[in-house]
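The structure appears right after this line, and notes come after that.
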Amino acid sequence: KKADTDMVASDFDATASYTAGNYCIYEGKFYKFKNNHSGAWSAADVDEIKIAGELSALKSGLNDLGSVITPTVGTNITLLNGGYTVIGNMVCVNLYISTAEAIPSNTLIATIVPPAISDTPISIYNINTFDIVSNGRVYANGNIVASEPLDASAVYIIVGCYIKAS
């Protein structure tokens with residue numbers, strides 16, 4: 001049973017210093033420090049919590065980041081997974097695509113909305129070779145293009161973040 005709790009938090013240690021937000025286990029219960037603490041146990045510095053409640057709060061916080069939006073992809077390109085997320089004035093892209101045939105350089109790969117405030121570099125990696133194959137760009141019209149050709153029947157990941165146009 002001890003091994004199970006060690007994966008969640010360590011036992012309280014009176015010789016350690018804790019900051020607000022740290023976790024510990026004391027007398028078999030799970031606690032979160034609400035104040036900075038050092039020395040002997042003080043119930044005034046902690047809140048007893050349930051792990052399920054903590055996970056629910058974390059999930060709720062992640063939902064506030066926005067949902068993943070599916071882009072429109074270009075001809076002979078299949079979106080396997082991913083999309084993009086708008087967080088405040090930032091857009092973060094994480095697309096897995098496959099190509100049905102070779103894609104020439106400067107060909108539309110995908111279109112995303114909102115577009116970039118200005119042309120912004122974005123990375124395109126070949127999943128099979130783990131090499132960066134193209135320094136693509138997100139343009140102010142929302143189009144993503146690869147500066148180098150993409151191979152036929154290959155899988156790529158496109159990643160990067162940019163500031164969205166208002």
Side-chain angles (χ1 to χ4, degrees), residues 3-10 18-25 30 32-34 36 47 49-166:
D4 294 340
T5 59
D6 281 349
M7 293 186 335
V8 177
S10 297
Y18 297 91
T19 57
N22 287 154
Y23 297 95
C24 77
I25 297 170
F30 190 50
K32 183 176 184 177
F33 284 89
K34 58 185 176 183
N36 293 341
D47 286 321
I49 59 174
K50 302 291 183 205
I51 294 172
E54 283 294 289
L55 292 175
S56 179
L58 288 171
K59 182 180 179 226
S60 176
L62 290 174
N63 288 341
D64 293 340
L65 295 178
S67 57
V68 176
I69 304 164
T70 304
T72 304
V73 292
T75 306
N76 295 316
I77 296 174
T78 302
L79 177 65
L80 300 175
N81 197 350
Y84 60 98
T85 304
V86 179
I87 305 168
N89 68 341
M90 293 293 295
V91 177
C92 293
V93 178
N94 182 13
L95 304 175
Y96 289 86
I97 62 165
S98 66
T99 54
E101 56 187 55
I103 306 295
S105 60
N106 299 315
T107 299
L108 175 69
I109 295 173
T111 303
I112 55 182
V113 178
I117 196 166
S118 61
D119 298 353
T120 306
I122 198 162
S123 299
I124 303 173
Y125 296 89
N126 184 316
I127 294 294
N128 299 324
T129 63
F130 301 105
D131 292 330
I132 186 165
V133 294
S134 178
N135 291 315
R137 296 195 82 70
V138 177
Y139 288 97
N141 62 4
N143 289 344
I144 297 176
V145 300
S147 58
E148 304 292 328
L150 302 180
D151 295 333
S153 302
V155 176
Y156 296 90
I157 182 172
I158 302 169
V159 293
C161 291
Y162 64 88
I163 298 174
K164 71 177 184 168
S166 31

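Since the model is a prediction, treat every value here as computed from it, not as a measurement. Hydrogens, waters and symmetry mates play no part in the numbers below; they use all other heavy atoms, side chains included.
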Item to check | Neighbour count above 12 (heavy atom, 6.0 Å) for Tyr139 OH | outcome: yes
What I'd like to find out is whether the side chain of [X] reaches to under 4.5 Å of the side chain of [Y], using heavy atoms alone.
X: Leu150; Y: Ile77; result: no
X: Pro104; Y: Pro149; result: no
X: Ile109; Y: Ile124; result: yes
X: Lys32; Y: Asn22; result: no

Checklist entry - Any donor and acceptor pair, going by atom type alone, linking the side chain of Thr99 with main-chain N or O of Ala154 inside 3.5 Å? => result yes
Item to check | Check: Leu95 main-chain N/O paired with Tyr84 side-chain donor or acceptor under 3.5 Å | outcome: no
To the nearest 0.5 Å, what is the distance between [atom1] ([X]) and [atom2] ([Y])?
X: Ile103; Y: Asn76; atom1: CD1; atom2: CG; result: 5.5 Å
X: Ser147; Y: Ile122; atom1: OG; atom2: CD1; result: 12.0 Å
X: Thr72; Y: Leu79; atom1: OG1; atom2: CG; result: 10.0 Å
X: Ile158; Y: Tyr125; atom1: CD1; atom2: OH; result: 12.0 Å

Which heavy atom in [X] sits nearest to a heavy atom in [Y], and how many Å separate them?
X: Pro71; Y: Ile112; result: CB-CG2, 3.6 Å
X: Ala152; Y: Ala102; result: CB-N, 3.3 Å
X: Thr120; Y: Cys161; result: CG2-O, 4.1 Å
X: Lys164; Y: Val91; result: CB-CG2, 3.7 Å

Next on the checklist: Please determine whether side chain to side chain donor-acceptor pair (under 3.5 Å) holds for the pair Asn36 and Thr19, giving the CA-CA distance in whole Å, both sets of side-chain angles, and the decisive distance to 0.1 Å.
Outcome noted: CA-CA 4 Å; Asn36 293 341; Thr19 57; 4.8 Å; no
